[in-house]
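Below is one structure, written out as structure tokens; comments come after it.
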Amino acid sequence: MLDKKLVKILDNIAILLEIKGENPFKSRAYSNAATLIRENQIDVFKEVQDGTLGNIKGFGEALVKKLTDYVQNGKMSYYEKLTSEIPESLVDIIKINSMGPKKTKLVYEELGIKTVNELEDSCLNGSLAKVKGFTDKTIEIILNSIAHKKASKGLFLQNSVIEYAEKLLNQLKSDYDIIDAEISGSYRRFAETISELQIIASTKNPETINEKFKSIFGAELKGSQLKLTTNENVPVTIEFIKPEEYIFKLHESTGSDDYISAFNNLIKEKGKKSYSYFKSEVELYNEIGIQFVTPELRESSKALEKAKQFKIPKLIGNSDLKGMLHVHSNWSDGRNTILEMALKSKELGFEYIVMCDHSRSAGYTNGLSIERVQAQHEEINKLNNENHGIKILKGIESDILNDGSLDYPEEVLDSLDIVVASIHSSFNMSKSKMTKRIIAALASPFTTILGHPTGRLLTSRQPYEVDIREIIDAAADYGKIIEINSNPYRLDLSWENVIYAKEKGVKIAINPDSHKTTTLEDVFIGVKVARKGWLEAKDVVNCLDYDDFMREVVKK
DNA sequence: GCCGTTTTCGGCCCGACTGTTTTCAGTCG
């Protein structure tokens, strides 16, 4: 079992040491340890018991001693001592834009600021402006960042609750008193972020069952609903429903307000009764005489208009994907070799993979120099000659430089099958400059795909200022592809803009942007975004088989 | 604080941008 509390302690130690001004490499040793435990699911408790923790690279004498202390005593005295010297709450301040370790330390020492709220107050009451290095511009950035953090408070990624949600659901379903259960709400619609988890369960005795599950889950009873909170503070509501009302209630709690109110009007128009018994949602839609609407599309009443005309297309599904695009390897900042990434993709049913390591300007990612691009091509040629049952294509994720140009001279770009062009620097450009910059990159004959087009990180980083509709229009003009980045933190192009892109005839690529074999399956999260954006297999370039992809995308 | 090793200590990822600098420190990806 991954000890999330321990991982957080190690991450916090790393930050607090940085703020203290300790040797940065000492700080990094702690954050490395946290990353190692998280990514390799290291069972620290077991390793300590077996005395084998020190055999793992990255855990030296000092860390083994501290982790042993933690395992044996349930707390780490080193951490307790550290947080008695310097407030733990400073780790939240360092996450505010433009607040790094130095500035965090400065405001703590000069103004005694320990929390984000105190930092906000000092921005507003003018005391921060008196500290050296904090100009109006900096204060504006800080206030914006705090506002964004506050707006994201209470929002959670689908990805962060999925494990918990499924466990809870299975627990319910395995109970003999429960006939059926399903997660509903915005989670079932696959909204980008959710504020709560809603579960609907059917049972013959909804009046009495609350008491039973109240104690099982340690929940609170409010009206007819059970309320609880996950370890990550996600509010959960469970509602028990009689079998004859179950499908209707599940449907009602899944759609957006707009959708459901339009749906209810439709029921009235047809003169139907709301609470008649349905075996499935499909049956419910049949009864009303309209086409079934899949949960992802139940955002807007417009979907119902299409359903009345039976004009909802067959949406893309996981098995339509044939190409794994935009994948990193250990040639840049990925964890696995090209072959490992390829073989895992093959296992997932893919015909071809396009390696897109970082380009030379992305120094911190070990981006490829021109020589290393060539060396990687030799490696790919060798692997293809060995024939591992999956085709490997030569791509790059090229930084879009400040002037909109790509990161290599033409002859290097020309040697590549695919160029994914992405922004990785100068996020703070003005909207018009950033828009021009990206359009300039789209205009390059070497650009194939625009990567993560808004640069957002859900709940943690705002998108950069950009006129995304203008970008989509330009992609349509130049015949370029736009990516749905399937990284659960990104998910851009957003589903709303996917709808717009489809209207404009822009083709989409669903890309995992994966840095290790274990996240290649993220690509199927991107499929959900595509479905929510009404895409069919024909709209998505990596649904093309290898020969068609080579002809229609690479050769072009 | 860890690693690798010339088993004792140097190297550990770095380049660009930003704001405030007039030559640089801090933040960021």
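Throughout, protein chains are lettered first and strands after them, A, B, ... in sequence-line order, and every chain is numbered starting at 1. No hydrogens, no waters, no symmetry mates; every other heavy atom, side chains included, goes into these values.
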Which part of the nucleic acid, if any, lies within contact of P101(A), taking any heavy atom under 4.0 Å across all strands shown: a base, the sugar-phosphate backbone alone, or nothing?
sugar-phosphate
Taking any heavy-atom pair under 4.0 Å as a contact, classify E61(A): base, sugar-phosphate, or nothing.
sugar-phosphate
When you compare dA16(B) with dG11(B), how far apart are their C1' atoms, in angstrom units rounded to a whole number?
23 Å
K26(A) side chain near dC3(B) phosphate (N/O to OP1/OP2, under 4.0 Å)
no
With a non-hydrogen cut-off below 4.0 angstrom, is N23(A) in contact with a base, only sugar-phosphate, or nothing?
base
Taking pairing as Watson-Crick or G-U wobble with both contacts under 3.5 Å, can you name the mate of dC12(B), or confirm there isn't one?
dG1(B)
In whole Å, I'd like the distance from the CG atom of L106(A) to the P atom of dG19(B).
18 Å
Is K66(A) touching bases, backbone alone, or none of the nucleic acid, heavy atoms closer than 4.0 Å?
sugar-phosphate
Using a heavy-atom cut-off of under 4.0 Å over every strand shown, decide if T138(A) touches base, sugar-phosphate, or nothing.
sugar-phosphate
How would you label the contact of R360(A) with the nucleic acid (heavy atoms, under 4.0 Å): base, sugar-phosphate, or nothing?
nothing
May I ask you to say what K65(A) touches in the nucleic acid, namely base, sugar-phosphate or nothing, with a heavy-atom cut-off under 4.0 Å?
nothing
Give me the distance, rounded to whole Å, that separates dG1(B) from dT8(B) when you measure between the C1' atoms they each carry.
15 Å
How would you label the contact of N32(A) with the nucleic acid (heavy atoms, under 4.0 Å): base, sugar-phosphate, or nothing?
nothing
For atom CG of N487(A) and atom C1' of dG29(B), their distance in whole Å:
14 Å
Atom NZ of K149(A): over 12 foreign heavy atoms under 6.0 Å
yes
Determine the contact category for S426(A): base if any of its heavy atoms lies under 4.0 Å from a base atom, sugar-phosphate if only primed atoms, P, OP1 or OP2 are that close, otherwise nothing.
sugar-phosphate
